[in-house]
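Presented below is the structure to which this report refers.
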Number of protein chains: 2
Amino acid sequence: MADPQYRLEQIIKVLRDKGHRITPQRLALLKIIAKSEGHPSVEQIYEQMKADFPTTSLATIYKTLTLLKEVGEVLELNFATAGSHYDGNKPYPHPHVICTRCGQILDRKSVALAEISQEMARLTGYEITHHQLNFFGLCPECQKAGPG
Amino acid sequence: MADPQYRLEQIIKVLRDKGHRITPQRLALLKIIAKSEGHPSVEQIYEQMKADFPTTSLATIYKTLTLLKEVGEVLELNFATAGSHYDGNKPYPHPHVICTRCGQILDRKSVALAEISQEMARLTGYEITHHQLNFFGLCPECQKAGPG
DNA sequence: TTTCTAAAGATAATGATTATCCATAAAAAT
DNA sequence: ATTTTTATGGATAATCATTATCTTTAGAAA
Ligand SMILES: [Mn+2]
Ligand SMILES: [Mn+2]
Ligand SMILES: [Zn+2]
Ligand SMILES: [Zn+2]
């Protein structure tokens, strides 16, 4: 679907243009989120990082993710369950479908959502900057497994 | 809009029917969330509780809110910012509009949302149980105050 | 090279929530 | 009524993700 290589260069360019350095550690993290199909958690990114940089600190992961949030190149997802997840391929708001049993996170889009957003702005007078729309339930796999 | 007294009795009945006791502390908390127009935080509920029960423990607040979640009589809102908020009047999923500056939380509804939910279920095969839809931005008041 | 500063790494601190443990009060049983 | 049982309240410790702090390191610039 997406082109990890292009996405990687895209993020690098944004960071460079804003005067940030592309260090080996950052490059490694960028590769991870650029190639990620799903929505990795901090812990998952941390584990992958340690493959190339065994001495990586969790603090570095958090700092880099915060930086990416600031420059708008990653979308942070935080549900009730502890631990944020990150989307490095679609850094703009979009709907997600989450399985409450296995934790799968799917990307979706919805044209109607833009309309709802405008409707909300009109009705409330708000200047809406972003939104989050999450659907929770059981994925087909977990439905087969039955209740329990 | 809503009738706090009726809402209160409604919650009491659900708790009683499921074999839970209506203690003085619980009754006090129920009154607080039944009459609340907004979406109080744990800390706000805690402060109000201390008016009637100065020795109330935060643990009791959390336990009671967890109980109310379990019986489906309160909706928990958790955004990125630390600290959950609770809606005791509309315990079912519905859209919220949140000001990122002053923290105001508005209730809204959207007919299109039900359709989107069904669309998601159809496209993904998920059995969707609930959702969350939050819009973030600046309320009219905070817009006047200007950037900064 | 030397200097300057961003970034990495280690670790402590924070803060919301949860767990634990005991005291207590409310039902139930006798 | 009295006793028994159990749920609940209250105090406090523990947990866990995230952030802050501090020092070291490394990359860019001079
Ligand atoms: Mn996504
Ligand atoms: Mn609400
Ligand atoms: Zn699943
Ligand atoms: Zn505001």
Side-chain angles (χ1 to χ4, degrees), chain A residues 11-12 14-32 39-71 73-86 103 105, chain B residues 11-12 14-32 39-71 73-86 103 105:
Chain A
I11 302 178
I12 290 176
V14 170
L15 287 179
R16 280 232 170 85
D17 288 353
K18 300 204 174 184
H20 300 288
R21 297 177 185 168
I22 306 300
T23 63
Q25 290 90 338
R26 281 187 180 168
L27 185 59
L29 189 147
L30 297 189
K31 284 181 181 173
I32 291 170
H39 302 75
S41 66
V42 172
E43 208 58 37
Q44 290 170 332
I45 295 172
Y46 183 46
E47 289 306 317
Q48 291 189 54
M49 279 291 289
K50 284 201 286 193
D52 290 319
F53 295 86
T55 66
T56 303
S57 171
L58 255 182
T60 300
I61 309 289
Y62 277 104
K63 285 174 191 168
T64 307
L65 287 172
T66 299
L67 174 63
L68 289 173
K69 274 191 287 179
E70 285 172 2
V71 300
E73 291 303 318
V74 79
L75 178 71
E76 183 179 57
L77 311 182
N78 28 25
F79 317 124
T81 83
S84 290
H85 290 255
Y86 296 85
I105 303 174
Chain B
I11 301 177
I12 290 175
V14 169
L15 286 179
R16 280 232 170 83
D17 287 353
K18 300 203 175 185
H20 300 288
R21 297 174 186 172
I22 306 300
T23 64
Q25 289 91 337
R26 281 187 180 169
L27 184 58
L29 190 148
L30 296 189
K31 284 180 181 173
I32 290 171
H39 301 75
S41 66
V42 172
E43 207 59 37
Q44 290 171 333
I45 295 172
Y46 183 46
E47 289 308 315
Q48 291 189 55
M49 278 292 288
K50 285 201 284 193
D52 290 320
F53 296 86
T55 66
T56 302
S57 171
L58 255 181
T60 300
I61 309 288
Y62 277 105
K63 285 175 190 168
T64 307
L65 287 173
T66 298
L67 174 65
L68 288 173
K69 275 190 289 179
E70 285 171 2
V71 301
E73 290 303 317
V74 79
L75 179 70
E76 183 179 57
L77 311 181
N78 28 24
F79 318 122
T81 84
S84 289
H85 290 255
Y86 297 85
I105 303 174

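Owing to the predicted nature of the structure, the values given are computational and were not obtained by experimental measurement. Residue numbers begin at 1 in each chain, while the letters A, B, ... track the order of the sequences.
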Write down the distance between [atom1] ([X]) and [atom2] ([N]), rounded to a whole number of angstrom.
{"X": "Y46(A)", "N": "dT18(D)", "atom1": "OH", "atom2": "C1'", "answer": "14 Å"}
{"X": "Y86(B)", "N": "dA16(C)", "atom1": "OH", "atom2": "P", "answer": "12 Å"}
{"X": "L15(A)", "N": "dA6(C)", "atom1": "CG", "atom2": "P", "answer": "15 Å"}
{"X": "I61(A)", "N": "dA10(C)", "atom1": "CD1", "atom2": "P", "answer": "12 Å"}
{"X": "L58(B)", "N": "dT18(C)", "atom1": "CG", "atom2": "P", "answer": "12 Å"}
{"X": "N78(B)", "N": "dT18(D)", "atom1": "CG", "atom2": "P", "answer": "13 Å"}
{"X": "K50(A)", "N": "dA10(C)", "atom1": "NZ", "atom2": "P", "answer": "11 Å"}
{"X": "L29(B)", "N": "dG9(D)", "atom1": "CG", "atom2": "C1'", "answer": "13 Å"}

Looking at [options], which one has an atom nearest to any side-chain atom of [X]?
{"X": "R21(B)", "options": "dT17(C), dA26(C), dG9(C)", "value": "dA26(C)"}
{"X": "A59(A)", "options": "dT19(D), dA7(C), dA10(C)", "value": "dA10(C)"}
{"X": "K63(A)", "options": "dA7(C), dA10(C), dT18(D)", "value": "dA10(C)"}
{"X": "T23(A)", "options": "dA7(C), dG10(D), dG9(C)", "value": "dA7(C)"}
{"X": "T60(A)", "options": "dA26(C), dA7(C), dG9(C)", "value": "dG9(C)"}

Report yes if a side-chain nitrogen or oxygen of [X] is closer than 4.0 Å to either non-bridging phosphate oxygen (OP1 or OP2) of [N]; otherwise report no.
{"X": "S57(B)", "N": "dT12(D)", "answer": "no"}
{"X": "H20(A)", "N": "dA6(C)", "answer": "no"}
{"X": "S84(B)", "N": "dT17(C)", "answer": "yes"}
{"X": "Y62(A)", "N": "dT18(D)", "answer": "yes"}
{"X": "Q25(B)", "N": "dA25(C)", "answer": "no"}
{"X": "T64(B)", "N": "dT8(D)", "answer": "no"}

Taking the side chain as C-beta and beyond, is there a heavy-atom pair between R26(B) and H20(B) under 4.5 Å?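 A side-chain contact under 4.5 Å exists here.
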For DNA chain C, whose closest nucleotide is more 5', that of E43(B) or that of R16(B)?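 Its nucleotide being nearer the 5' end, the pick is E43(B).
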Most 5' of I22(B) and P24(A) on DNA chain D, judged by nearest nucleotide: I22(B)
Smallest separation among heavy atoms of H39(B) and H85(B), with atom names: O-ND1, 2.7 Å
